[in-house]
Every structure is written in structure tokens, then in C-alpha cells.
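Scope of the values below: all heavy atoms of this structure, side chains included, with no hydrogens, waters or symmetry mates. These numbers were taken from a predicted model, which means no experiment stands behind them.
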Amino acid sequence: MQPFVFNTTARFVCAGGSAADLGRHAGLKLGPRVLFVTDQGLRAIGLEKPAIASLEAAGANVTVFDAVEADPSLATLQAATEAAKTCNATGIVGFGGGSSMDVAKLAALLAGSGEDIDEAWGVGNAKGPRLPLVLVPTTAGTGSEATPVSIITVGENEKRGVSSPLLLPDLAVLDADLTLGLPAPITAATGIDAMVHAIEAYASKSANNNPVSGMLAREALVLLGAHIETVVDEPGNRDARQAMLLGSMLAGMAFGNSPVAAVHALAYPIGGMFHIPHGLSNALVLPHVLAFNIAEESNGSWRHYSELAPLAFPAPAGEPSPEKAKAFVAELADLSKRLGLPPRLRDCGIGEDALPVMAADAMKQTRLLVNNPRDVGEADALAIYRAAW
């Protein structure tokens, strides 16, 4: 067996209503002064109030930082870090989608260690220690509560990441009640995002692709494939939403150790340049990247995709084959349409003249491209974008 390392979240709670009991689950770990990182949209509907009340009932003084935006900027991260220092935080909660959780992860690191973010970018460069950290996702998609990665937008549209086991939280709280009010397009896009995590982790060329990640990716697809249409069609279905949260976290555990690849690399320029949500960015390029991969049969990605096909969709029995892999790609494209997501880049207001710029930008994502089953050059990226346009 090939040697590998597997890191993941130390503890998680998977139960409806658990966020309203956050003080009991995490109060001792977080300590008396808590920085609560979230966004203004969630505060506007008061989604955070029960969690904060629970922390306060447990004796914590809670300071709220609610300035996180989609694709959070370096300035936002710096402001959150300063807020943690100002209140002398003993612990940090990230409450929201991937953006809030990513900011919370790095704020916990930077406030706890005092290190410079410019020295932490990349893989394994963070030094620590960090402050105690609890993550509470309000979407079933990013899996950030189980990954050692945080992504920040630097400058106009460059996505830059920190990857370190130090970013894994002490506790993740999965509460389906927090996802009940999500609009259908967000539910759909974040669900596809989670499926992409499982698919790319399973087929990753990373030297750390391992049996544990593979097992988790497969189980994640079982849960996500079985429930994603239900949560869009029946938004109040708590059981389906809890299953999606668990599937999202399992996919996060998988790709946190067997990293994602070209789907994400090509999605980042879409989000960075046009501020399209990350899940939708992934959905737009997913079938085209997978089709590109299986077009070169020697890399073996067709085998991985055809093994996953019957887990996510009804599929005939039999041995894996390139034909089944192609059918899987077609099913994924059709799923996005059934969920009501826009099928093409042009449907999202992206002009054809932007494609070469996006292709050049995607080449900066070397930490992701190296994991793709098939090598992707700039001309390949442009051809994929054109197919998606």
C-alpha cells in the first residue's frame, strides 16, 4: 500500500437544532471571549441569534464580525484578524458558507500565532498555533468545516490559498435547520459543489490519494446523489438537508486529503473575474473538464468516473468502461439542468472575449492542476472554456 497521511476534523455534531446548543457543545473549548465570524445576509435574517445566545448563556462574551463577503478579500481577512486581537479572543466561530468559514480559519491562525499571511500562503507553510476554532456551515457544499484549506481573493481576482492541518477546526456542527431557508439556486449550486469535491478527490492524481479518502468520496456521492434533487424540490425536507450536510462534510474530508484538480482550477477565474458563486462556477465547467480527462483513456480517469456513476445515479450493472464514464458526465450535465442552474458561461454574462484571460489565469492554480488525471495546458483550458461557453 502506498504511504499516505490523513488529517480531518477532530469532532463533529450532526443533528438538527445543534447550533442552538452551541454553548454546551463548544463553550469550554472556545473560552470566555469569542469572535463570531459571519456575513450580513445571515445577520439580516437573524440566523445566528440562537447560537450566540447559547454561547452567552454558557458565559462567553461574544463579539460579532459580520463583514465577510463572497470570495472574501485579503482586507476582510485582515479586518477579522484585527477584530480577534482587539477583543482578545480566546476562540473563534465561523458561521456561514465557505467564505465565513475560510475567514474564521485564517483569523484563528493569524490571531493565535501572530504570523504574517504572506509567509503562510501555499502548502504546509503555516506555523501556528491557532486559537480554538469551531465551524458551523449554513450551506451543504463547501465542506470547509472538514478541510485544511482556506481561499482568499488577493488583488482584483487572484485566488490564493493556505493549506495546513492547523486550519482544521476543533469541532464542526452540522445543523440542517440552518439550511432550511436557502433559495433553490444556492441549494443546487452548493450541492453540485459538494459532488465535485467527491468526484475530484476520488480521481485525484495526488500522491496522497488514499483508501480512506476514496471510501469517504464514495459515501458522499451516495448521500448527495440521493438527496440533491429532493432538497431543491422539497426545501423543507429536514432529513434530506441533514443528509446533504453530512455528504458535504464527507466530501470535504475526502478532498482535504486527496486534493481537487482542474474543475476547481478553471472555476476560480470564473468566480474571481465575474463574482459568480463558487458552486455554480464548478457546475459550469464540471462536465467539460471530465470529458477532457476521459478523452485520453491512458490516464485511467474513465475507470474512476464509471465506478462512481452507479453511486450517484441509477446505472446498469457491469464492469467499468469508458462508455459508462461518458454516461456519468452526461448525467452530471443533465442534473445541473434539472436543478435549474444555467448551463453555459454565456448564460452568466461571460463574454467570449474573456475566455483567453480566464485560461491564462487558470494556469496560476498549479497546486490544483498537478492533481488532475490529465495534464492541462493553457490551450487545453481555453478549449474547455469554449466548450462551456
**OP:** Mark yes when over 12 heavy atoms from residues, nucleotides or ligands other than K29 sit less than 6.0 Å from its NZ; otherwise mark no.
**Re:** no

Subject >> Shared hydrophobic cluster for M244 and L47 (ILVMFWY, side-chain gaps under 4.5 Å) >> reply: no

**OP:** Say whether, by atom type as modelled, one donor and one acceptor occur between the side chain of S54 and the main chain of G23 under 3.5 angstrom.
**Re:** yes

**OP:** Output, in order, the C-alpha distance, side-chain angles, deciding distance and verdict of side-chain contact (heavy atoms from CB on, under 4.5 Å) for V93 and L55.
**Re:** CA-CA 10 Å; V93 173; L55 289 170; 4.3 Å; yes

**OP:** Tell me, with the steps shown, if T38 and D66 meet side-chain hydrogen bond (donor to acceptor under 3.5 Å, both in side chains).
**Re:** CA-CA 5 Å; T38 188; D66 65 358; over 6 Å; no

Original post:
Given L174 and S18, is the side-chain contact (heavy atoms from CB on, under 4.5 Å) satisfied, shown in steps?
Top reply: CA-CA 7 Å; L174 310 181; S18 52; 6.0 Å; no

Original post:
Hey, what do you get for CD (E82) to CG (L77), rounding to the nearest 0.5 Å?
Top reply: 11.5 Å

Original post:
Parallel, tilted or perpendicular: which describes the rings of H304 and Y202, with under 30° parallel and over 60° perpendicular?
Top reply: perpendicular

**OP:** Indicate yes or no for a side-chain donor-acceptor contact from E145 to the backbone of A172 under 3.5 Å, with no hydrogens or angles considered.
**Re:** no

**OP:** Would you please test K364 and E158 for salt bridge (Lys or Arg N to Asp or Glu O under 4.0 Å) and show each step?
**Re:** CA-CA 9 Å; K364 299 175 184 177; E158 181 189 353; 5.4 Å; no

Original post:
Would M249 and L245 show up in the same hydrophobic cluster when neighbours are defined by side-chain heavy atoms closer than 4.5 Å?
Top reply: yes

Original post:
How many angstroms lie between atom CG of L216 and atom CG of N210, to the nearest 0.5 angstrom?
Top reply: 8.5 Å

Original post:
Under a 4.0 Å N-O cut-off, is there an ion pair linking D175 with R238?
Top reply: no

Original post:
Going from CD on Q242 to NE2 on H227, what distance comes out if it is rounded to the nearest 0.5 angstrom?
Top reply: 11.0 Å

Subject >> Under 3.5 Å donor-acceptor, R344 side chain and A387 backbone >> reply: yes

**OP:** With rounding to the nearest 0.5 Å, note down the distance linking CZ in R241 to CG in L182.
**Re:** 5.5 Å

Original post:
Considering all heavy atoms of both residues, which atom of A283 and which atom of S336 are nearest to each other, and what is their separation?
Top reply: CB-OG, 4.0 Å

**OP:** Could you tell me whether a side-chain N or O of T190 sits under 3.5 Å from a main-chain N or O of G141, the two making a donor and an acceptor?
**Re:** no

Original post:
Under a 4.5 Å cut-off applied to non-hydrogen side-chain atoms, are P211 and F4 in contact?
Top reply: yes

Original post:
So do the side chains of V162 and I117 get within less than 4.5 Å of each other, counting heavy atoms only?
Top reply: yes

Original post:
Would a 4.5 Å heavy-atom cut-off, applied to side chains only, mark L42 and T138 as touching?
Top reply: yes

**OP:** Quick one: pull up CD in E297 and OG in S321 and give me the separation to the nearest 0.5 Å.
**Re:** 9.5 Å

Subject >> Aromatic centroids of F36 and F95 separated by under 6.0 Å >> reply: yes

**OP:** Would you kindly say whether S204 and N209 are connected by a side-chain donor-acceptor distance under 3.5 Å?
**Re:** no

**OP:** Indicate whether the side chain of N293 and that of N372 have a donor and an acceptor atom separated by less than 3.5 Å.
**Re:** yes

**OP:** Please answer whether the main-chain N or O of L133 pairs with a side-chain N or O of D170 as donor and acceptor at a distance below 3.5 Å.
**Re:** yes

Subject >> Least distance between heavy atoms, N257 atom then S213 atom >> reply: CB-OG, 3.5 Å

Original post:
Same cluster for V376 and W302 if Ile/Leu/Val/Met/Phe/Trp/Tyr side chains link at under 4.5 Å?
Top reply: yes

Original post:
Would you say the side-chain atoms of T153 pair up with the backbone N or O of D71, donor to acceptor, closer than 3.5 Å?
Top reply: yes

**OP:** Starting from the C-alpha separation in whole Å, work towards a yes-or-no answer on side-chain contact (heavy atoms from CB on, under 4.5 Å) for I228 and L335.
**Re:** CA-CA 9 Å; I228 187 169; L335 175 63; 4.2 Å; yes

**OP:** Please report the C-alpha distance between I350 and I270 in whole Å, then the side-chain angles of each, then the deciding distance to 0.1 Å, and finally whether the side-chain contact (heavy atoms from CB on, under 4.5 Å) criterion is met.
**Re:** CA-CA 9 Å; I350 298 175; I270 299 172; 3.9 Å; yes

**OP:** Determine, for D39 against R43, whether the closest basic-nitrogen to carboxylate-oxygen distance falls under 4.0 angstrom.
**Re:** no

Original post:
Do the side chain of K205 and the main chain of L369 share a donor and acceptor less than 3.5 angstrom apart?
Top reply: no

Original post:
Just checking, any donor-acceptor pair under 3.5 angstrom between side chains of Q365 and H264?
Top reply: no

Original post:
Aromatic ring centroids of H288 and Y385 under 6.0 Å?
Top reply: no

**OP:** Give a yes or no on whether the backbone of E296 and the side-chain of N299 come within a donor-acceptor separation of less than 3.5 Å.
**Re:** yes

Original post:
Atom NZ of K159 and atom CG of D361: how far apart are they, to the nearest 0.5 Å?
Top reply: 10.5 Å

Original post:
Do P169 and V134 have side chains that get closer than 4.5 Å, going by heavy atoms?
Top reply: no

Original post:
Quick one: do F292 and I294 end up in the same hydrophobic cluster if we chain Ile, Leu, Val, Met, Phe, Trp and Tyr together by side-chain heavy atoms under 4.5 Å apart?
Top reply: yes

Original post:
What is the minimum heavy-atom distance between P132 and L30, and which atoms define it?
Top reply: O-CD2, 4.0 Å

Original post:
Taking C-beta and beyond as the side chain, do N125 and S164 meet within less than 4.5 Å on heavy atoms?
Top reply: no

Original post:
Just wondering, do K324 and E319 contact through their side chains at under 4.5 Å, heavy atoms?
Top reply: no

**OP:** Taking all non-hydrogen atoms of both residues into account, name the closest pair between L135 and S144 and its distance.
**Re:** CD1-O, 3.8 Å

Original post:
Are the side chains of Y268 and M273 in touch, meaning some heavy atoms are under 4.5 Å apart?
Top reply: no

Original post:
Is there side-chain contact between L168 and N7, with at least one heavy-atom pair below 4.5 Å?
Top reply: yes

Original post:
Any ion pair linking D334 and K337 (charged N to carboxylate O, less than 4.0 Å)?
Top reply: no

**OP:** Please answer whether the main-chain N or O of K127 pairs with a side-chain N or O of E115 as donor and acceptor at a distance below 3.5 Å.
**Re:** yes

Subject >> Connected via hydrophobic side-chain network under 4.5 Å: L368 and I384 >> reply: no

**OP:** Taking atom CG of D233 as the centre, report whether more than 12 heavy atoms of other residues, nucleotides or ligands fall under 6.0 Å from it.
**Re:** yes

Original post:
Taking atom types as modelled and ignoring hydrogens, do the side chains of E69 and S99 form a donor-acceptor contact shorter than 3.5 angstrom?
Top reply: no

Original post:
Can you name the closest pair of heavy atoms from L171 and F12 and give their distance?
Top reply: CD1-CA, 4.0 Å

Subject >> Nearest heavy atoms of V34 and A60, plus distance in Å >> reply: CG2-CB, 4.0 Å

Original post:
Between K105 (side chain) and T147 (backbone), is there a donor-acceptor pair under 3.5 Å?
Top reply: yes

